[in-house]
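The figures here come from the full heavy-atom set of this structure, side chains too, leaving out hydrogens, waters and symmetry mates.
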Amino acid sequence: MTRIAFKARLYVPDNLAMGMSIIPNRNQQHYLASVMRLVTGDIVALFNGVDGEWRAAIQSIGRRSCSLDVIAQTRPQQASPDLWLLFAPVKKARLDFIAQKASEMGASVIWPTRTDFCQVTRVNDDRLTANAIEAAEQTERLDIAEIRDFAPLNDVLAAVPEDRLLVWCDEASATRGDRNAVSVFAAHPKPESAAILIGPEGGFSENERRILDRRENCLKVSLGPRILRADTAAIAALTCFQSVYGDWPDIT
Ligand code: SAH
């Protein structure tokens with residue numbers, strides 16, 4: 001299917017259907033009017049995470065007001081791969097980075113997880129959601145990654161169903177030089193659903209390692225011989241996973 005290049009692509013919380021009139025929020029108005037310098041009649045894309053993508057025409061645009069007329073659907077709703085990212089959160093800018101990049105890589109759930117050596121005590125969900133929305137707008141996704149509340153590892157693991165493959169990114173395997181993530185994935189049947197787990201800067205505790213080692217349907221993987229920072233590790237793991245099992249087209 002040919003993709004239409006739009007001058008702007010906006011997430012809106014409204015229902016979307018033909019003939020509707022949408023008022024973008026103030027930031028979006030500023031973006032359309034002052035950053036993109038769009039004028040009446042220009043066409044933008046709208047999506048709301050449920051109704052697919054719609055073409056809309058700017059009906060009026062000024063510094064303080066703007067209205068968009070929904071014309072037609074350009075793409076039906078499509079889900080991202082069923083891939084969760086569980087990670088011990090890091091400090092602000094790198095946390096934003098993880099939410100943005102994980103969204104770009106197609107994670108469907110982003111779940112900050114408190115592990116024994118995690119340094120962060122609070123996570124701002126709204127900020128993570130804003131990052132996930134911005135990434136979806138930019139990356140042409142039709143859904144928004146769901147941000148779950150910061151929760152202890154035990155609770156998070158208990159909420160991962162047994163049939164969801166757990167991919168444990170293990171820094172200890174990295175130093176031993178085995179369990180290359182791509183080889184491990186290639187040797188394992190494609191899972192229906194998965195969750196990637198990334199630890200904190202301090203790594204996993206002995207107790208956590210014991211719990212993870214005992215877990216069924218868990219693949220322990222290495223992301224190469226270097227110890228990566230948690231944000232790099234999250235993106236590297238998502239990339240390896242998506243390239244083997246994900247929604248990328250085959251290289252044939
Ligand atoms: N302080 C720890 C490193 C933690 S890095 C140490 O020196 O051992 C933060 C997290 O990123 C790890 O818990 C792991 O989940 C992931 N990670 C980083 N590098 C990795 C690698 N090469 N292979 C697998 N996981 C890695």
Side-chain angles (χ1 to χ4, degrees), residues 8-13 24-31 34-36 47 49 80-81 83-141 143-157 159-160 166-172 174 181 194-205 208 212 221 223-224 226-242:
R9 206 166 169 275
L10 301 179
Y11 169 81
V12 292
N25 70 30
R26 292 202 46 184
N27 284 342
Q28 292 172 330
Q29 289 181 19
H30 170 76
Y31 173 71
S34 308
V35 180
M36 299 305 289
F47 68 109
S80 289
L83 177 57
W84 298 359
L85 175 67
L86 322 174
F87 69 102
V90 286
K91 295 269 164 61
K92 287 195 184 88
R94 294 198 297 121
L95 182 57
D96 289 345
F97 178 89
I98 292 180
Q100 287 161 16
K101 304 304 157 193
S103 296
E104 289 177 34
M105 290 306 303
S108 54
V109 165
I110 297 177
W111 200 341
T113 301
R114 193 166 62 242
T115 62
D116 289 344
F117 299 149
C118 177
Q119 302 285 321
V120 169
T121 50
R122 287 186 57 231
V123 172
N124 181 339
D125 289 2
D126 291 345
R127 194 172 158 147
L128 288 188
T129 301
N131 275 292
I133 289 176
E134 198 183 301
E137 287 176 335
Q138 188 247 307
T139 208
E140 303 199 1
R141 263 178 89 138
D143 59 340
I144 306 290
E146 178 191 337
I147 307 293
R148 299 248 173 118
D149 289 342
F150 190 27
L153 180 63
N154 278 341
D155 294 0
V156 172
L157 289 179
V160 174
L166 184 70
V167 176
W168 169 22
C169 295
D170 171 32
E171 66 276 3
I196 291 175
L197 173 65
I198 304 286
E201 293 304 330
F204 290 100
S205 69
E208 289 167 340
L212 290 165
V221 302
L223 300 166
R226 288 160 292 272
I227 301 294
L228 308 173
R229 289 180 78 155
D231 47 345
T232 318
I235 313 314
L238 286 162
T239 307
C240 293
F241 184 95
Q242 291 284 57

By side chain to side chain contact (heavy atoms under 4.5 Å, CB included) - contacts of Ala132 (at least two apart): Ser103, Ile144, Ala145, Ile147
Report yes if the side chains of [X] and [Y] come closer than 4.5 Å at any heavy-atom pair, otherwise no.
| X | Y | result |
| --- | --- | --- |
| Arg229 | Val90 | no |
| Leu10 | Asn25 | no |
| Asn124 | Leu128 | no |
| Leu157 | Leu166 | yes |
| Leu95 | Phe87 | yes |
| Arg127 | Lys92 | yes |
| Leu197 | Val160 | no |
| Val12 | Pro24 | no |

Quick one: pull up [atom1] in [X] and [atom2] in [Y] and give me the separation to the nearest 0.5 Å.
| X | Y | atom1 | atom2 | answer |
| --- | --- | --- | --- | --- |
| Ile227 | Glu201 | CD1 | CD | 10.5 Å |
| Gln242 | Ser80 | CD | OG | 8.5 Å |
| Ile110 | Arg148 | CD1 | CZ | 11.5 Å |
| Gln28 | Met36 | CD | CE | 13.5 Å |
| Ile235 | Lys101 | CD1 | NZ | 7.5 Å |

So which atom in [X] and which in [Y] form the shortest heavy-atom distance, rounded to 0.1 Å?
| X | Y | answer |
| --- | --- | --- |
| Ala99 | Asn131 | CB-CB, 3.8 Å |
| Leu86 | Ala195 | CD1-CB, 4.0 Å |
| Leu223 | Ala181 | CD2-CB, 4.1 Å |
| Ala234 | Leu85 | CB-CD2, 4.1 Å |

Is it the case that the side chain of [X] and the backbone of [Y] share a donor-acceptor pair, with hydrogens and angles ignored and the cut-off at 3.5 Å?
| X | Y | value |
| --- | --- | --- |
| Arg226 | Leu228 | no |
| Glu171 | Phe204 | yes |
| Ser108 | Leu83 | yes |

Give the intermediate values and the outcome of side-chain contact (heavy atoms from CB on, under 4.5 Å) for residues Glu104 and Gln138. CA-CA 8 Å; Glu104 289 177 34; Gln138 188 247 307; 3.7 Å; yes
Solution key, residues 112-122 side-chain donor-acceptor pairs under 3.5 Å, sequence neighbours excluded:
residue	atom	partner	partner atom	Å
Thr113	OG1	Trp111	O	2.9
Asp116	OD2	Ser205	OG	2.6

Qualifying residues under ring pair (Phe, Tyr, Trp, His ring centres under 6.0 Å), relative to Phe47, sequence neighbours excluded: Tyr11
